[in-house]
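Read the structure below first, then the notes.
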Amino acid sequence: KHCFSKPSDGFLYCEDVKVQDVMEAVERRPFYLYSKRQITRNVEAYKEALVGLDSVIGYAIKANNNLKILEHLRGLGCGAVLVSGNELRLALHAGFDPTKCIFNGNGKLLEDLVLAAQEGVFVNVDSEFDLDNIIKAAKLAGKKVNVLLRINPDVDPQVHPYVATGNKNSKFGIRNEKLQWFLDAVKAHPDELKLVGAHCHLGSTITKVDIFKDAAVLMVNYIDIIREQGFEIGYLNIGGGLGIDYYHTGAILPTPRDLIDTVRELVLSRSLKLIIEPGRSLIANTCCFVNRVTGVKTNGTKNFIVIDGSMAELIRPSLYGAYQHIELTSPPPPAAEVTTFDVVGPVCESADFLGKDRELATPDQGAGLVVHDAGAYCMSMASTYNLKMRPPEYWVEEDGSIKKIRHGETFEDHLRFFEGL
Ligand code: LLP
């Protein structure tokens, strides 16, 4: 079961709640609407896939950093993957078990590494200077740091270049020809470092699990090499990156189970613990970005639906040319013509579109229009461009009630940056 559905009455529902009714109940537009239950379902899918493996689900906080959502994910047993000091602070604030947290990144700051060392979170080593900083942080904190080597396996994830990370020319991780240097450096610092595992992350929106298999084969091989040198490493971290069905075409895409099954034997063959770092596949499909139609217009050969949301709240279409499915929340007016529209916002840029060339019934002014799969990398990438303040977030609770889970940003919030200056 999926949380958003449109039964024969032609209205869009989130679980058993009409999205239209939520629009009438909430005071601001646009807004993000989640299903709490869908978040649970998505975590359960991973947990079921992982049965029989010693594992950690490290939720990638960058995908969505809503504190209420983080607390829910923590309650379901997830760990967290962090890429900045503030994400680390937020994970700790949300109560994540530090031993289920992994601090990633190619530019981690010394002060943040000190916090990571103090709290006992796992740290991924990304480069020579990063290792240097981790050693310094261990000394400053007076703690030994559990580290994983982030190996760049040079596997092509076959995705948009902006979200590919495991190719040899990417800025992330350590290339294999340098592996020995890092092993020697770790050996030279037994008081500061404990090597516990190897990590890779290939990229995001990956829709073929063979790609993960190819990487896991290489990674297990590196783990063999590392173990031969006397390191007792126990963790294989295969990163995140599983894609989702953004197109809503009913195409069969790999599930968490397909992903885990493709690496299961390899993991078991070396008695490894498996860490995964899903972001999108846990949270994207739990949310719609809900808008109202401001008006409809035609210029040249193009028809436009202008909505209140924009690239400021949801930048993925503009930034990656990403497709996110769009539909109206209520049945179209009786004689409404179905036409090809670009769905655009009010922001002063031609890059401000949420969807191009979409077949939609001509909506009335004020009609509801949603952008689907908006739970990952939408709110967390939102800006206040054109002073479009960041929208509020709501979720449908298990009992069907609507709950605000984040306040919308206000004009007064903006003025606060200048107080006392
Ligand atoms: N682990 C690492 C080291 C990562 O860099 C990422 C995402 C993840 C895990 C989670 O990947 P996921 O399961 O969510 O694919 N803003 C882009 C996506 C950027 C992904 C960055 N790294 C988008 O909107 O598509």
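Both counts, for ligands and for their atoms, begin at 1 and track the order of listing.
Taking all atoms of both residues into account, the shortest heavy-atom contact from Gly240 to His201 is N-ND1, 3.1 Å.
A distance limit of 4.0 angstrom between heavy atoms and ligand 1 selects the residues Ala60, Lys62, Asn104, Arg150, Val163, His201, Ser204, Gly240, Gly241, Glu277, Pro278, Gly279, Arg280, Arg316, Tyr320, Tyr377, Met381.
Arg41 is linked by a salt bridge (Lys or Arg N to Asp or Glu O under 4.0 Å) to Glu15, counting only residues two or more places apart in sequence or in another chain.
The line from CG of Leu110 to CD1 of Ile134 is 10.5 Å long, rounded to the nearest 0.5 Å.
By the neighbour-count criterion of 12 heavy atoms within 6.0 Å, atom NE2 of His407 is sparsely surrounded, having that number or fewer from other residues, nucleotides or ligands.
Among residues at least two apart or in separate chains, ring pair (Phe, Tyr, Trp, His ring centres under 6.0 Å) pairs with a member in residues 215-252 are Phe122-Tyr235, Tyr247-Tyr323, His248-His325, His248-His372. Within the structure, no pair that satisfies the salt bridge (charged side-chain N to carboxylate O under 4.0 Å, His left out) test touches residues 188-217, not counting sequence neighbours.
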